[in-house]
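The structure appears right after this line, and notes come after that.
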Amino acid sequence: MPCFASTAIGAENRLYSPDLPALKAVGAAAAPADTNSARAILSRAGQPLSYGDLASLLKAVLLPSGAGVASIVCECSARLRRKLFGIAVITMAPVEIANTCLSDCLFCGWRRSNQIMKRLAIPDDLAMLQVEYLVGLGIHHIEFVSGDDIKAVRESLPRLIAQTRELFRRRGIDGIISFCTLALTERQYRDLKSAGADAMILWQETYDRCVFKQHIKGGPKASGIDDDWKQVRGGDGCRFRIESQERALRAGLDVALGSMLGLNPDICADFLAAVDHARYLAAHYDITPEHPMIIGMPIWNPITTQATDLRPARAPGMETIFPAIAGLYMLALPRRSVWIFPNCRVSMDQQIEAARVAGVFTSTEVKLGPGGYLPSILKNIRHGNSGTEALWRRAADLVKQAVESEEELARVLDEHEQFVHHYHTHEAYLRAMERAGLRLAARASLPATDD
Ligand code: SF4
């Protein structure tokens with residue numbers, strides 16, 4: 001898959017850097033497709049579409065009148081998805097370690113300056129209890145998540161990765177362990193690989209430096225860090241983040257990338273930049289179906305502390321066009337080694353439709369705050385007629401208040417989440433996926449036979 005205009009091509013020691021002006025120019029020059037021109041473009045589906053063609057389709061999908069083109073994109077992508085991946089969907093769930101953060105991203109509920117967000121860091125044993133719960137459900141890809149909390153990433157994360165690797169070994173599970181936190185140096189990625197991690201997940205938010213600076217106002221994300229975990233004075237955090245996937249790949253990890261569509265008003269530029277980045281990595285590194293690259297689809301959702309939510313009331317809505325955006329990523333990167341990742345930032349119906357259209361990888365049973373699965377664990381223990389007193393005491397200590405019921409504990413823990421999202425049980429996803437003609441795979445890797 002040829003890249004469009006990466007400044008890094010051919011430069012031995014330089015890492016990827018998008019040519020934003022060129023990508024913006026392609027987007028600006030593209031006329032929104034009508035249904036006839038969309039069909040003509042999609043007659044070439046299966047080959048990576050040109051950036052001009054992708055921009056024409058995306059600009060049509062973004063129009064209020066774009067439902068016709070969106071529908072054609074979805075059906076074309078769904079056929080391609082079926083051919084490449086069959087009906088399999090691989091699922092993951094996050095385990096949040098800490099919602100403390102040194103960085104200050106204006107769109108995020110965990111930002112350092114959000115004084116009304118209650119903060120929590122989960123002890124190792126309670127984190128592992130949740131890992132066991134998720135693995136017990138049949139979710140064999142565990143993603144550890146934290147804010148830009150150096151202590152949590154430096155100390156807790158390697159321990160939890162190693163303990164999860166040991167859990168997988170004991171149970172004979174061929175599981176995947178990923179982590180989503182601040183951008184790290186190559187040495188730090190190597191250390192996490194040595195601890196037992198398989199992959200890093202990191203969203204760029206935006207590839208546009210100016211937009212990045214407008215929204216990311218301070219902390220490690222704004223400036224990057226060095227091998228000693230110190231913020232780089234005057235560092236270029238945007239570039240440090242863009243280059244993080246390559247440092248991780250060089251350290252032996254699989255990677256995920258994506259931009260938060262809607263943060264940058266020029267949606268087309270960030271979509272094309274994410275595609276360009278992915279094409280560059282696929283061309284320069286060993287990306288295979290066994291070591292895939294994941295393309296995430298974060299969107300700008302409200303945060304859980306409404307009073308400090310800085311999201312503009314007129315932020316672009318992505319709910320209805322989410323499946324078509326997933327389809328466009330699939331059409332841009334049509335290969336078994338690239339997995340499109342629809343998430344629960346949209347309703348379950350739209351998430352599953354996006355999975356049918358393009359997503360071989362998704363998340364289920366997601367809780368986005370530390371300790372979020374504890375109410376379900378307590379319920380399970382109670383149904384098993386075992387004593388729950390000790391765990392209730394730990395849960396009350398964790399949230400620093402008395403809680404009377406599993407529902408109340410869930411409500412309190414949900415207040416610690418990073419942003420508003422949609423929660424459904426893994427079981428509910430299983431049933432809904434089946435109704436959509438999809439099947440959740442019982443493993444974390446791509447089945448050899450698709451159906
Ligand atoms: S997006 Fe990440 S780095 Fe930024 S404030 Fe939120 S948790 Fe911190």
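The first residue in the sequence is number 1, and the count goes up from there.
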Are [X] and [Y] packed together at the side-chain level, in the sense that at least one heavy-atom pair is separated by less than 4.5 angstrom?
X	Y	value
F179	M200	yes
C105	H215	no
E205	F107	yes

What pairs with Y207 under ring pair (Phe, Tyr, Trp, His ring centres under 6.0 Å), at least two apart in sequence or on another chain?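 For Y207, the residues satisfying ring pair (Phe, Tyr, Trp, His ring centres under 6.0 Å) (neighbours in sequence not counted) are H277.
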Sidechain N-carboxylate O distance under 4.0 Å for [X], [Y]:
X	Y	value
R171	E132	yes
D349	R435	no
E415	R411	yes
K193	D198	no
R431	E434	no
K24	D208	yes
K367	D414	yes

Under a 3.5 Å cutoff, is there a donor and acceptor pairing between the side chains of E365 and Y373?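 E365 vs Y373: no donor-acceptor pair found between side chains.
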Distance-only side-chain donor-acceptor flag, N343 / S363, under 3.5 Å: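 Short answer, no.
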Could you check whether the rings of H424 and Y429 sit parallel, tilted or perpendicular, using 30° and 60° as the cut-offs?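 Because their plane-to-plane angle is over 60°, the rings of H424 and Y429 count as perpendicular.
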Establish, yes or no, whether the cationic atom of R279 lies under 6.0 Å from the six-membered ring centre of Y16 and within 45° of the ring axis.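 No; the conditions do not both hold, so R279 does not lie above the ring face of Y16.
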Distance to the ring centre below 6.0 angstrom and angle to the axis at most 45 degrees; does that hold for R250 and Y189?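 Not satisfied by the 6.0 Å and 45° rule.
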Smallest separation among heavy atoms of I242 and Q204, with atom names: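 Heavy-atom minimum between the residues: N-OE1, 3.2 Å.
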Give a yes or no on whether the backbone of L160 and the side-chain of T164 come within a donor-acceptor separation of less than 3.5 Å.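 Answer holds: yes.
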Check side-chain hydrogen bond (donor to acceptor under 3.5 Å, both in side chains) between K213 and all other residues, then give those that pass, not counting sequence neighbours.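 In terms of side-chain hydrogen bond (donor to acceptor under 3.5 Å, both in side chains), with neighbours along the sequence ignored, K213 is linked to no residue.
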